Chemist: 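Below: one structure in structure tokens.
All heavy atoms count here, side chains included; hydrogens, waters and symmetry mates do not. What you see is a predicted model, and the numbers here were worked out from it, not measured in a lab.
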Amino acid sequence: MVPTMGALHAGHRALIERAVAENDRVVVTIFVNPAQFGPREDFARYPRTLDADLGLLGDVGVHAAFVPSVEAMYPPGLVTRLDISGPLGERLEGASRPGHFNGVALVVTKLLVAGLPDRAYFGQKDAQQCAVVRRLARDLDTGVEIVVCPTVRDTDGLAISSRNLYLSPEERMRALAIPSGLAEAMAQFDAGERDSSALATTVRSCLENKGLDVDYVAVVKADTFSEVETAAPTNQIVLAARIGNTRLIDVVRLGVDTAPVGRGV
Ligand code: PAF
């Protein structure tokens with residue numbers, strides 16, 4: 001199973017192609033999940049491109065698409081909730097988007113129950129979501145293997161996201177501060193810097209220099225999302241920032257990923 005909210009792009013395509021290569025049968029789910037959007041977020045304007053999405057699924061040999069309605073997923077009278085507690089659910093993305101991971105957890109659980117897949121595929125760009133989903137798959141004894149696939153980037157280094165569609169050409173240029181800030185911090189790490197706050201400051205300055213409104217930059221453990229003082233390989237630098245009305249997130253894995261762009265870009 002490859003759960004998505006549609007508006008499929010090259011990042012989804014990579015997940016789906018890998019799922020098709022590794023499994024006999026693949027179902028892609030397309031559902032813009034109202035439960036994971038806050039009241040002032042972009043649920044209404046989130047891109048919906050169903051015809052193009054279904055065309056892509058046909059091209060890559062997916063066996064089935066599951067495109068439920070909101071009423072089918074959230075029947076009247078629904079009272080069951082899932083609560084992702086502790087730092088994993090409540091820090092960083094969880095703090096900026098209260099209730100977001102509870103909404104993700106509920107819909108992912110419902111999709112896994114509906115499809116009973118052997119494996120489910122998610123993109124590393126949503127790093128905290130990946131950690132939440134891994135944890136819930138384990139906590140709820142789903143038996144589903146969670147496969148996390150590397151972030152796909154445009155040639156200029158910007159991580160591909162459905163929300164990139166919101167950026168004006170000028171904002172799209174300024175957004176490149178994200179991959180270049182991360183690349184600079186990775187270069188510092190590779191040169192021996194282990195102080196997390198120094199690495200985070202590097203990224204933050206790069207974003208602020210281009211007028212991005214930084215929500216957070218942190219160095220975290222990949223599984224718990226607890227922040228570390230001393231950075232180590234496999235820790236992740238995670239960030240969220242606003243450019244105009246668009247909020248973007250990104251992540252690199254220290255000592256694992258190659259830098260999103262060359263130094264000093
Ligand atoms: O990453 C997404 O597109 C969504 O959060 C997901 C996992 C499909 C749940 O709605």
Chemist: Which pair of heavy atoms, one from A222 and one from Q236, lies closest together, and at what distance?
Modeler: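 Between these two residues, the closest heavy atoms are CB-NE2, 3.5 Å.
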Chemist: Using 4.0 Å as the upper bound for N to carboxylate O, is an ion pair formed by R172 and D156?
Modeler: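 Counted as a salt bridge, because a side-chain N and a carboxylate O are separated by less than 4.0 Å.
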Chemist: For T49, give me all partners under side chain to side chain donor-acceptor pair (under 3.5 Å), at least two apart in sequence or on another chain.
Modeler: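 Per chain and number, T49 pairs via side chain to side chain donor-acceptor pair (under 3.5 Å) with D53.
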Chemist: Set out, in order, the CA-CA distance, both residues' side-chain angles and the distance that settles salt bridge (Lys or Arg N to Asp or Glu O under 4.0 Å) for R134 and D139, then state yes or no.
Modeler: CA-CA 9 Å; R134 269 195 207 284; D139 290 351; over 6 Å; no
Chemist: Locate the shortest heavy-atom distance separating P47 from S162; write the atom from each residue and the value.
Modeler: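 In terms of heavy atoms, the two residues are closest at CG-O, 4.1 Å.
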Chemist: Using the test side chain to side chain donor-acceptor pair (under 3.5 Å), find all partners of E93 that sit at least two apart in sequence or belong to another chain.
Modeler: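 With neighbours one apart ignored, the set is Y216, R247.
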Chemist: Does any part of the side chain of M1, heavy atoms only, come nearer than 4.5 Å to the side chain of L112, both counted from C-beta?
Modeler: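 Contact flag for L112/M1 side chains = yes.
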Chemist: Check whether any side-chain N or O of T246 sits under 3.5 Å from a backbone N or O of R242 as a donor-acceptor pair, and report yes or no.
Modeler: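 No; judged by distance alone, with no hydrogens or angles, the pair does not exist.
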Chemist: Not counting sequence neighbours, which residues clear side chain to side chain donor-acceptor pair (under 3.5 Å) with R163? List them please.
Modeler: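 Once residues adjacent in sequence are excluded, the partners of R163 under the side chain to side chain donor-acceptor pair (under 3.5 Å) criterion are D42.
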Chemist: Might you point out which heavy atoms bring L8 and T4 nearest each other, and give the distance in Å?
Modeler: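 Minimum heavy-atom separation between L8 and T4: CD2-OG1, 3.6 Å.
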Chemist: Donor-acceptor pairs are to be reported for all side-chain atoms of residues 115-125 against protein atoms at under 3.5 Å, with residues two or more places apart or in another chain.
Modeler:
from : atom 1 : to   : atom 2 : distance (Å)
R119 : NE     : E145 : OE1    : 3.1
R119 : NH1    : E22  : O      : 3.1
R119 : NH1    : N23  : OD1    : 2.7
Y121 : OH     : E22  : OE1    : 2.6
Y121 : OH     : N23  : ND2    : 2.9

Chemist: List the residues meeting side-chain contact (heavy atoms from CB on, under 4.5 Å) with S205, not counting sequence neighbours, and say none if there are none.
Modeler: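 Testing S205 for side-chain contact (heavy atoms from CB on, under 4.5 Å), a comparison that skips the adjacent residues, returns T201.
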Chemist: Take atom CZ in R48; do more than 12 heavy atoms of anything else shown fall under 6.0 Å from it?
Modeler: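 Atom CZ in R48 is packed in, count exceeds 12.
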Chemist: Apply side-chain contact (heavy atoms from CB on, under 4.5 Å) to the pair T202 and V217, showing each step before the final yes or no.
Modeler: CA-CA 10 Å; T202 296; V217 180; over 6 Å; no
Chemist: Check the pair V220, V238 against side-chain contact (heavy atoms from CB on, under 4.5 Å), reporting the backbone distance first and the verdict last.
Modeler: CA-CA 7 Å; V220 299; V238 291; 4.2 Å; yes
Chemist: Name all residues meeting the side-chain contact (heavy atoms from CB on, under 4.5 Å) criterion together with V62; count only those two or more places apart in sequence or in a different chain, and write none if there are none.
Modeler: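 Once residues adjacent in sequence are excluded, the partners of V62 under the side-chain contact (heavy atoms from CB on, under 4.5 Å) criterion are I16, V20, V26, V28, L57, V60.
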Chemist: With sequence neighbours left out, what residues match V67 under side-chain contact (heavy atoms from CB on, under 4.5 Å)?
Modeler: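 For V67, the residues satisfying side-chain contact (heavy atoms from CB on, under 4.5 Å) (neighbours in sequence not counted) are I30, L50, A65.
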Chemist: Can you list the other members of the hydrophobic cluster that holds V152, where links are side-chain heavy atoms under 4.5 angstrom apart?
Modeler: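 Taking Ile, Leu, Val, Met, Phe, Trp and Tyr as members, V152 shares its hydrophobic cluster with I160.
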Chemist: Where do L207 and I178 land on the side-chain contact (heavy atoms from CB on, under 4.5 Å) test, with the steps shown first?
Modeler: CA-CA 6 Å; L207 302 183; I178 296 174; 3.6 Å; yes
Chemist: Before giving the answer on side-chain contact (heavy atoms from CB on, under 4.5 Å), spell out for E208 and V203 the whole-Å C-alpha distance, their side-chain angles and the decisive distance to 0.1 Å.
Modeler: CA-CA 9 Å; E208 288 177 348; V203 179; over 6 Å; no
Chemist: Quick one: does any side-chain atom of N102 pair with a main-chain N or O of G89 as donor and acceptor, under 3.5 Å?
Modeler: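 No, N102 side chain to G89 backbone: no donor-acceptor pair under 3.5 Å.
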Chemist: If a pair satisfies ring-ring contact (aromatic ring centres under 6.0 Å, His included) and one of its residues is in residues 41-89, list it, with sequence neighbours excluded.
Modeler: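 Counting only pairs at least two positions apart or across chains, the ring-ring contact (aromatic ring centres under 6.0 Å, His included) contacts touching residues 41-89 are F37-F43, F37-Y46.
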Chemist: Could you check if a side-chain atom of V261 sits within less than 4.5 angstrom of a side-chain atom of L176, using non-hydrogen atoms only?
Modeler: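 No, side chains not in contact.
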Chemist: Applying ring pair (Phe, Tyr, Trp, His ring centres under 6.0 Å), can you list everything that pairs with Y166, at least two apart in sequence or on another chain?
Modeler: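 Residues passing ring pair (Phe, Tyr, Trp, His ring centres under 6.0 Å) with Y166: none at all.
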Chemist: Just so I know, are the side chains of M73 and L111 near enough to count as touching, which here means a heavy-atom distance under 4.5 Å?
Modeler: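 A side-chain contact under 4.5 Å exists here.
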Chemist: Going by an N to O cut-off under 4.0 Å, is there a salt bridge joining R97 and D215?
Modeler: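 No salt bridge links R97 with D215.
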Chemist: Partners of S197 by side chain to side chain donor-acceptor pair (under 3.5 Å), sequence neighbours excluded?
Modeler: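 So S197 forms a side chain to side chain donor-acceptor pair (under 3.5 Å) with D195.
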Chemist: In chain order, what residues pass the ring pair (Phe, Tyr, Trp, His ring centres under 6.0 Å) check against H9, with sequence neighbours excluded?
Modeler: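 In terms of ring pair (Phe, Tyr, Trp, His ring centres under 6.0 Å), with neighbours along the sequence ignored, H9 is linked to H12.
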Chemist: For residues C149 and R18, report the shortest heavy-atom separation together with the two atoms involved.
Modeler: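 That closest heavy-atom pairing would be SG-NH1, 3.7 Å.
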